[in-house]
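First comes the structure, then the notes that go with it.
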Number of protein chains: 2
Amino acid sequence: MAVTLKDVAREAGVDLSTVSRSLSGSYGVHEETRKRVLEVAERLHYRPNRIARGLVTGRSHTLGLIVSDVRNPFFAEVARGAEDAACAHGCDLVLCNSDLDQAKQMRYIVSLAEKRVDGILMNSVSALGKAQQQALAGFGMPIVLLNRASGAHSFSTVCADNYLGGQLAGRYLKAKGHIRIAHLTGPRGHGNLSDRARGFLNAVPDAVVLHGRHTFQGGCELAGKLLERHPEVTAVFAANDVMAFGVMRAAAERGLRVPQDLSVVGFDNIEFSGIAHPPLTTVHQPKYEIGAAAVEILLRLAEKQNGSAPERRIFGVELIERDSVQDCRTR
Amino acid sequence: MAVTLKDVAREAGVDLSTVSRSLSGSYGVHEETRKRVLEVAERLHYRPNRIARGLVTGRSHTLGLIVSDVRNPFFAEVARGAEDAACAHGCDLVLCNSDLDQAKQMRYIVSLAEKRVDGILMNSVSALGKAQQQALAGFGMPIVLLNRASGAHSFSTVCADNYLGGQLAGRYLKAKGHIRIAHLTGPRGHGNLSDRARGFLNAVPDAVVLHGRHTFQGGCELAGKLLERHPEVTAVFAANDVMAFGVMRAAAERGLRVPQDLSVVGFDNIEFSGIAHPPLTTVHQPKYEIGAAAVEILLRLAEKQNGSAPERRIFGVELIERDSVQDCRTR
DNA sequence: CTGAAAGCGCTAACAG
DNA sequence: CTGTTAGCGCTTTCAG
């Protein structure tokens, strides 16, 4: 039904391979015939079938992106950076939401592999076990992780300096005179989050740490638990901004004011953190750039078939001081 | 390099077509050979090449989603709904950001068409001209629009009842005693937005209407302009929530309190609208459901090759009353 | 029930 | 410069 190379060839009175050449590069084809072919192709509304082309060239010009949930503004931003970079290189991006579910993540990987994508970009569900690494490597597909480089595996990675970010948050809170500080974070074993926790703990060794879901709801719940069990706490470092908003919500529900009664620091610096009430003090990480950089690396990996050394890129972070933290000694 | 049907066939000592049958359906193949084939396939880590399969079956099991920007929480939510639905049907979703740019949108459509996606989901840049419609239809690909059904075209559509939503906002503001009311919206010609405007104007015929970008920044700018030129205004209806946040920001920068000095109503009911300060009164529309429904329709369209009648689904909306509007007579 | 053969639409040597 | 010939990996008649 769709018009093919053959149709164009017949109509132009040349061989189909000549049409192919005319369309791809100007390489080795008489200017006149080429012009004629192009004209016919145009007239017939010819659209190359990239799927067929991919079958022979072995490149699909499609990348996979697996995040836990695009609805988290952090991932939306990463996705946008990735999509822009992919687009700039003539690639498409297929979006997958893993919900941090191990099995679902694996199903996506298999599916992407079967579609022969040129590479996968993912924030892995959790630290990769030996078996997992083997499985992934077994697909023989370039993969770049949006997680920290745990040292153990041999994948390329790009992420922010989570450890430092945690440290900055911890130091800041201490500098503001806080003594009883808590850290509310996501599930154990989540690479980036645990790095933040480690950095934070390095600065605030005696902090209370509570694990839960790293969503708005999770932030609410954990804060509820915290306020009940540790009323002495005057400041909390939430593992990301949406959790921080959950904390603020929970505080408000209990009649606590932020920052007068409770100080809170977030992580990510999503757009909304600047317009929340109070504006959230948080650790900024370059989300868009992370997505874009990951794609660049992935594409580079896809170029050279020989497994080159993994590239690891770590972006700097920065504490953005706004109004959700109060100096403890002035209250 | 990858293991193919042929490899499995050789290893299992049968013809490649037998392997194909064994893997696809159990249809017409001896149970014993089938078992053996499956076993060999497993042992060799065989992964079907869906790209090759697609070439012969004519179905790619891939859908395209074109939105203006996933970073708008509204679209992130729609995308998630679409992805979940696609996933449930064994399809992948490729994500495209048009930035409301006509040319970019068309490039994406062409690219998706050349990849032979099974269908495209898009919130069109603007009302479709006759030529545009022709062009789109010319690709012979199922398309469902996330815009209103303008009546003119023959595409399937799914969207919220934008007109009613605008009306609800207008009526609410009037019921609260506001007389001088403004509407801040996006570029002219944007289907959904102009429906909201029409609905609103139906309820508040003498409203001031300002056009600009429908982003946070756009909201800021428009509000600035509004406050300067029409200081008499006591309430504004922003075309979406992120714009509403921009309005709130602009108001705050000028020392105006919301809702005491200025009331604001948004549209979308994105998650943050509930945690903003003050919590935003807004018109709720079912974002996730819209994305999911659109995929369902698209897939149905992709099934039957004969161009069946376009399906049009309109979701209900609801005004969510929170704290960003004050009764004008009590101030 | 299974093998042989054709072909999806395209690229890529290899001859002429 | 251009046509011929193989496939890419898979599904699908059509015989056997």
Side-chain angles (χ1 to χ4, degrees), chain A residues 1-38 40-41 44-62 111 113-118 139-141 305, chain B residues 1-38 40-41 44-62 111 113-118 139-141 305:
Chain A
M1 46 173 282
V3 16
T4 74
L5 267 193
K6 195 153 66 172
D7 299 324
V8 178
R10 189 180 342 98
E11 188 74 12
V14 294
D15 186 80
L16 137 182
S17 61
T18 301
V19 179
S20 175
R21 286 192 203 93
S22 307
L23 295 168
S24 52
S26 48
Y27 166 58
V29 63
H30 195 90
E31 191 51 38
E32 220 162 274
T33 41
R34 177 157 180 269
K35 203 166 278 178
R36 181 159 43 94
V37 167
L38 256 41
V40 173
L44 262 44
H45 290 102
Y46 170 72
R47 293 278 165 224
N49 183 332
R50 296 194 188 281
I51 226 68
R53 176 180 306 179
L55 188 56
V56 26
T57 62
R59 298 254 299 155
S60 62
H61 290 282
T62 300
S111 171
E114 294 185 347
K115 286 234 174 105
R116 300 298 190 263
V117 297
D118 292 338
F139 285 106
M141 210 180 353
Q305 54 254 41
Chain B
M1 43 175 282
V3 15
T4 75
L5 266 193
K6 194 153 66 172
D7 300 323
V8 179
R10 190 181 338 100
E11 188 72 13
V14 295
D15 186 80
L16 133 183
S17 61
T18 301
V19 179
S20 176
R21 288 192 200 93
S22 306
L23 294 169
S24 53
S26 48
Y27 166 58
V29 62
H30 196 90
E31 192 52 37
E32 219 161 275
T33 41
R34 176 156 180 269
K35 203 166 281 178
R36 182 158 44 93
V37 167
L38 256 41
V40 173
L44 263 44
H45 291 101
Y46 170 72
R47 294 274 165 228
N49 183 332
R50 296 195 188 280
I51 228 67
R53 177 180 305 180
L55 188 56
V56 26
T57 62
R59 298 255 298 155
S60 62
H61 290 281
T62 300
S111 171
E114 293 187 346
K115 285 235 173 105
R116 300 298 190 264
V117 296
D118 293 338
F139 286 105
M141 209 179 355
Q305 54 255 40

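Letters A, B, ... mirror the listed sequences (proteins, then strands); counts begin at 1.
- For the pair B:Ser20 and D:dT11, the criterion of a side-chain N or O lying under 4.0 Å from OP1 or OP2 is met.
- Taking 3.5 Å as the limit, the base of C:dG3 and the side chain of B:Arg21 contain a donor-acceptor pair of atoms between them.
- Distance check: B:His61 NE2 to B:Arg50 CZ gives 8.0 Å after rounding to the nearest 0.5 Å.
- Of all nucleotides listed (D:dT4, C:dC10, C:dC8), D:dT4 comes nearest to the side chain of A:Ser17.
- Checking each of B:Val14, B:Val19, B:Thr18 against B:Val8 for a side chain to side chain contact (heavy atoms under 4.5 Å, CB included) leaves exactly one that passes, namely B:Val19.
- If you check C:dC10, D:dG9, C:dG3 against the side chain of B:Ala52, the one that comes closest is D:dG9.
- For B:Leu16 and D:dC8, the CG to P distance is 11 Å, given to the nearest whole Å.
- When the nearest nucleotides of DNA chain C are assigned to B:Arg116 and B:Asp15 by heavy-atom distance, the more 5′-ward of the two goes with B:Asp15.
- In this structure, A:Asn49 places its CG atom 12 Å from P of C:dC8, rounding to the nearest Å.
- Taking the charged nitrogens against the carboxylate oxygens, A:Lys35 and A:Glu32 have no contact shorter than 4.0 Å, which rules out a salt bridge.
- With B:Tyr46 as the fixed residue, the side chain to side chain contact (heavy atoms under 4.5 Å, CB included) test singles out one of B:Asp7, B:Val40, B:Leu23: B:Leu23.
- In this structure, A:Ile51 reaches neither bases nor backbone, as no heavy-atom distance under 4.0 Å exists between it and the strands shown.
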